[in-house]
Amino acid sequence: MHEPTLTHLRAEDPGLADLVEAEARRQYEKIRLIASENYVSRAVLEATGTVLTNKYSEGYAGRRYYEGQQNVDPIELLAIDRAKALFGAEHANVQPYSGSPANLAVYLAFLNPGDTVLGLSLPMGGHLTHGWSVSATGKWFNAVRYGVRADTGRVDMDEVRDLALKERPKLIWCGGTAIPRTIDFPAFAEIAREAGAVLAADVAHIAGLIAGGAHPSPVGHADVVTTTTHKTLRGPRGAMILSTAEHAAAVDKAVFPGLQGGPHDHTTAAIAVALKEASGPDFGDYAHRIVANARALAAALLERGYDLISGGTDNHLILIDLTNKGVAGKPAAQALDRAGIELNYNAVPFDPRKPFDPSGLRLGTGAITTRGLGVEQMPRVAAWIDEVVQAAARQDEAVVERVAGEIRELMAAYPMPGWAPTP
Ligand code: DSN
């Protein structure tokens, strides 16, 4: 049963209520390893489902374009104060609808169309909005891309420096969506200073690890930091921009009125709740357990002959190149999903295959750590992954079905916030 309950939704729209229940059960039964997903707390769920969704609040606290902000202003100020305190930032904007709009706001704050931006290439682990060709950021700006080293799988800092000094970008991005190793923020900051560029750190994946002290912080090194709020930070779908006081006005103007209309006040409230949770005494332990689980899972996969980009992980994320296993990423991911292990197929650096049918798998341990799985379960998870990948290579559906049953049984022992089977 869903918590909060779906009583009214069921009366009004039973078909939709069934779909929500089915999705909740799916999340309950699976080992969820999508590196950008998590389970939010019941308190965060409740905040997202409040009457705050009824309100329009264009502007910022104390200077809105609509009346009736007596409660929304303090809610947004609370979220801002908590974000600043948690990350030690001078300024926070909690209005971006999600990660891509937050990143677009950075362009609007600092660049003009045609200006040069330097970011990690998408197939090397970057994000679409860091200047990839099909994104507005690659179409409307002169995007130059750095990569990872073929021998180490780690970001090539020599290439970053060479390109920065040659191309003189106005903006340099560090961070991305498939980076298994610690990001060297001080080294990026030094290059940005040398090149006269603004440094933006996109920490969407690792924000929770930073908050919990399990990854170094970009604050104090980057001029501006963007993050979604729903990955390792374990909040609702949303985003934030942190910056120095110097850039506060430019960032705020870029978000509103530059790009967005009214903020989603119910999301702002849920972000405030998630930030309170991330400031609590248990969150540091959670962040460190995420990393311990990822390291244990990586070690168990290496033992089984899996080729991990960079040879392992420092954070929540593992990127596997399946080439030596004789199966591509997509059929493997689809078989794993049928077997109860949810992850995504992913390009690997220098991938000879196409983005929609690449060579790799991306895994993350944020969600399973929330469920309570620990390092002792990781060898079993690796063994299931291995069995199913091998089964996918020979199209053996019987193995897939057996593993799905075993995983359902395991996950029934780990409660999920927001849903439990009806007794
Ligand atoms: N979709 C996000 C991820 O999975 O990393 C990036 O935007």
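These numbers were taken from a predicted model, which means no experiment stands behind them. Read the numbers this way: they start at 1 and go in the same order the structure lists the ligands and their atoms.
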Not counting sequence neighbours, list each pair that qualifies as a ring pair (Phe, Tyr, Trp, His ring centres under 6.0 Å) and has a residue in residues 186-209.
Tyr146-Phe188, His205-His316
For the pair Asn315 (side chain) and Ile206 (backbone), establish whether a donor and an acceptor sit closer than 3.5 Å, ignoring hydrogens and angles.
no
Charged N to carboxylate O under 4.0 angstrom, Glu3 versus Arg42?
yes
Which atom pairs, nitrogen or oxygen on both sides, join ligand 1 and the protein at under 3.5 angstrom?
from     : atom 1 : to     : atom 2 : distance (Å)
ligand 1 : 4 (O)  : Ser36  : OG     : 2.7
ligand 1 : 4 (O)  : Arg362 : NH2    : 2.8
ligand 1 : 5 (O)  : His205 : NE2    : 2.7
ligand 1 : 5 (O)  : Arg362 : NH1    : 2.9
ligand 1 : 7 (O)  : His127 : NE2    : 2.8

Tell me whether the guanidinium CZ or amine NZ of Arg234 lies under 6.0 angstrom from the six-membered ring centre of Tyr286 and within 45° of its axis.
yes
Does some side-chain heavy atom of Asn346 sit less than 4.5 Å from a side-chain heavy atom of Leu361?
no
Within 45° cone and under 6.0 Å: Lys170 NZ/CZ vs Phe110 ring:
no
